[in-house]
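Read through the structure below, which is laid out as structure tokens, and then see the notes.
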Amino acid sequence: MDGSVARPRPYLALSLRLATAGTLATMSMLVKVAGERGVELTELIFWRQAITLVCVAVLLAAMGRLADIKTKRLGAHARRAVLGIIGMFFVYGAVMLLPLAEATALSFTAPFFAVVLSVLLFKEKVGRYRWGAVVLGFAGVLVLTQPAFGLGAESSVSLFGAAVALIAAALVAVISFQIQDLNKTEAPWSIVFWFCAFTTPLMALALPFVIGPHDAETWGIIVAMALCGALAQILLTSSLRFGSAGVILLMDYTSLLWATWYGWSIFERTPPASLWLGAPLIVAAGLLIAWRERQLAVARARRTETMEP
């Protein structure tokens, strides 16, 4: 399901993904704050991409590594950019529509979609463990969203917001496969640069219709959000270079701790019972998938060793 890894260094990959989780949680918090201040979603995404593009170009020039962006796979970068920008709309949209902790918990369904995609796209045989994990995970989704169905006293999650979050998770799963494929031949800097280079002009076309006047504090939030996004993009891409998606996704669950803390300290929101009941089911399912992926990887390695003369 995970495909090959360009340069296997599991501990480095886990550390990078742990840093990614905290940075992305901070970015999501800033997205939500900016949205509450009236910043349009399209404008936020434009600044996120434009500032990342400038940062990457400046850093590469300063390090004398502009050659890193050279590629013979513009088509693959373009396909990643199309899905990536669509995914950003759904990811940011979920953060704006839902409480931060609930949006984060629903984002953890990405491994479940990855299992389904591995069957549909790669014809991989998936056994009872991983299918059981998928069922368990989506049971957690139902628990988490049950107030929206009128089954609980506290309505914290809208059906529309939950649907947006689940679509975002499915797109993240697809994009993870794309990035792993690109990592076989491309440097992390190249993947981030071309993603922003393709999408920034597209977002610029819509900017005159959505940009609004902002005070200095709001501009500071926008810039901080974009810088967090740029850093997270580099960390995420690098983590996929050094470790398989099925294993390093474990670290993503730590972002729920950040999201819960931000929700309480900034948005003054105490997580409802549905989060405490549903999120552990989703996390447990993700851990089961990662454990099973690890078992299968070890078994494949042993078979390979046995076949060698």
Side-chain angles (χ1 to χ4, degrees), residues 1-2 17 20-21 24-25 28 83-84 86-122 124 126 128-149 156-180 232 236 239-240 244-260 263 271-272 274-293:
M1 165 177 148
D2 295 319
R17 196 70 177 208
T20 302
L24 284 174
S28 294
L83 279 181
I86 295 172
M88 285 183 69
F89 272 98
F90 280 96
V91 170
Y92 283 32
V95 169
M96 289 184 171
L97 290 167
L98 297 172
L100 199 57
E102 281 83 340
T104 301
L106 289 174
S107 74
F108 296 155
T109 58
F112 317 150
F113 288 108
V115 169
V116 176
L117 288 170
S118 69
V119 174
L120 297 177
L121 300 179
F122 306 116
E124 181 176 337
V126 174
R128 62 182 184 275
Y129 287 104
R130 285 182 288 176
W131 280 127
V134 170
V135 172
L136 177 64
F138 282 110
V141 171
L142 290 176
V143 172
L144 186 63
T145 59
Q146 55 86 17
F149 290 96
S156 60
V157 178
S158 71
L159 287 179
F160 179 67
V164 169
L166 291 173
I167 293 172
L171 289 170
V172 166
V174 176
I175 292 163
S176 291
F177 286 121
Q178 287 183 315
I179 292 175
Q180 277 207 298
L236 183 148
S239 71
L240 288 169
S244 65
V247 175
I248 62 176
L249 282 172
L250 289 172
M251 297 296 100
D252 289 3
Y253 299 124
T254 61
S255 62
L256 183 58
L257 301 175
W258 286 97
T260 302
S274 58
L275 176 68
W276 297 122
L277 294 173
L281 292 177
I282 296 173
V283 171
L287 292 174
L288 178 57
I289 289 174
W291 168 78
R292 187 56 179 166
E293 287 291 330

Nearest-0.5 Å distance that lies between atom CG in L171 and atom CD in Q178: 9.5 Å
Considering all heavy atoms, the nearest A21-S255 contact: O-CB, 3.6 Å
Set of residues satisfying ring pair (Phe, Tyr, Trp, His ring centres under 6.0 Å) with respect to F108, sequence neighbours excluded: Y253
Partner of V174 under side chain to side chain contact (heavy atoms under 4.5 Å, CB included), chosen from I179, L83, I86: L83
Partner residues of S28 under the side chain to side chain contact (heavy atoms under 4.5 Å, CB included) criterion, sequence neighbours left out: V95, L100
Non-hydrogen atoms of G93 and V164 that approach each other most closely: C-CG1, 4.1 Å
Under the side chain to side chain contact (heavy atoms under 4.5 Å, CB included) test, residues paired with A170 that sit two or more places apart: F113
Non-neighbouring partners of F89 that pass side chain to side chain contact (heavy atoms under 4.5 Å, CB included), sequence neighbours left out: L41, T42, I45, I85, M203
Contact summary for A101 and L256, nearest pair of heavy atoms: O-CD1, 3.5 Å
All side chain to side chain contact (heavy atoms under 4.5 Å, CB included) counterparts of A165, not counting sequence neighbours: A94, L98, L106
Minimum-distance pair of heavy atoms, taken over all atoms of A110 and A173: O-CB, 3.5 Å
